[in-house]
Amino acid sequence: MYQKDMIRSAWKSAGLYDENDSKLQQFLQQLDDPTQCWAEMIAECRRSYASYKSKLIGPLIATGDKLVRLSLIRAALPSAEDEMTMLKDYIGKSDPVREETELKAIALKNVAALNRSLKTKANLTPAVSALIAKRAATAK
C-alpha cells in the first residue's frame, strides 16, 4: 500500500492526473485496482502505453525511493532501447555514493552499454567498480 500511495503522490506532483489525456488517465486508474502488482503494471505499460513510459517513470525515479528505483531497474529489459536509455540517463545524473545500491543493480544487469556508461561515471564506489570488473571478467 505504501508504494502505491507514493507512486500516486509522485504522479500527482508531476501533474499526470491533471492531464486531459483519456488514455493516460485510463492507465493511472489501474493503480487503484488492489489486485494490480508491479509486474502486471509494467507489462501493461509496455503492451498498451509504451509511449507514456518516460512520463510515468521519470516522476518515480525522482522520488528518491530506493525500493521503487530498484524495482524499475530490475524490470528494465535490455531489449527495450527506451528503457536502457532511461537507465543510462539515470547513471549520468546519479550520485555514485548515495545511489550505490541502484548503480550496483544496474551493473548486475550485465548489459554492455550500461556497464560502459558506469565505467565512465566519475567517483564510482569501489563496490560498483569491482562488480563491473567481475562481470567483464566472467563475460570473457
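Residue numbers count from 1 along this sequence.
When the side chains of ILVMFWY residues are joined at heavy-atom separations under 4.5 Å, either directly or via intervening members, I57 and L70 end up in two distinct hydrophobic clusters. No continuous path of ILVMFWY side-chain contacts below 4.5 Å connects L131 to L118, so the two sit in separate hydrophobic clusters. Linking ILVMFWY residues whenever their side-chain heavy atoms come closer than 4.5 Å, directly or via other members, leaves L77 and L114 in distinct clusters.
With respect to K55 and E19, a salt bridge is recorded, a charged nitrogen being found less than 4.0 Å from a carboxylate O. Taking the charged nitrogens against the carboxylate oxygens, R8 and D32 do have a contact shorter than 4.0 Å, which makes a salt bridge.
Here I132 contributes atom CD1 and N115 contributes atom CG; the two are 5.5 Å apart, rounded to the nearest 0.5 Å. Interatomic distance, K121 NZ to E99 CD, rounded to the nearest 0.5 Å: 8.0 Å. Atom CZ of F27 and atom OG of S22 lie 14.5 Å apart (nearest 0.5 Å). Between atom CD1 of residue I106 and atom CE of residue M84 there is a gap of 9.0 Å, rounded to the nearest 0.5 Å. Remark: L124 CG to I91 CD1 distance equals 9.0 Å, nearest 0.5 Å. We find the CG-CG distance between L67 and L72 to be 9.5 Å, quoted to the nearest 0.5 Å.
For the pair K23 and Y49, the distance from NZ or CZ to the six-membered ring centre is under 6.0 Å and the angle to the ring normal is within 45 degrees.
No donor-acceptor pair closer than 3.5 Å links the side chain of S94 to the backbone N or O of P96. Of the possible donor and acceptor atoms, none in the side chain of K53 sits under 3.5 Å from a partner among the backbone N and O of E83. Side chain of W11 to backbone of L56: a donor-acceptor contact under 3.5 angstrom is found. At distances below 3.5 Å, at least one donor-acceptor pair connects side-chain atoms of Q25 with backbone N or O atoms of L16. Judged purely by atom type and a 3.5 angstrom limit, K109 uses its side chain to pair as donor or acceptor with the backbone of A76. Of the possible polar contacts, one joining the K4 side chain to the D33 backbone as a donor-acceptor pair under 3.5 Å is found. Between the side chain of S13 and the backbone N or O of A10, no donor-acceptor pair lies under 3.5 Å. In this structure, E44 contributes its side chain and E40 its backbone to no donor-acceptor pair below 3.5 Å. No donor-acceptor pair closer than 3.5 Å links the side chain of S9 to the backbone N or O of D5. A distance-only check finds no donor-acceptor pair linking the side chain of S48 to the backbone of C45 [under 3.5 Å].
Applying the 6.0 Å contact sphere to CG of N123 captures no more than 12 heavy atoms from other residues, nucleotides or ligands.
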Quiz item: So M6 and V68, side-chain contact (heavy atoms from CB on, under 4.5 Å) or not? Walk me through it.
Solution: CA-CA 9 Å; M6 189 275 312; V68 169; 2.9 Å; yes
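Looking at E100 and L103, their side chains never come closer than 4.5 Å, going by heavy atoms from C-beta outward. A 4.5 Å side-chain heavy-atom check between E102 and I73 finds at least one atom pair inside the cut-off.
In terms of heavy atoms, D82 sits closest to A50 at OD2-O, 4.4 Å.
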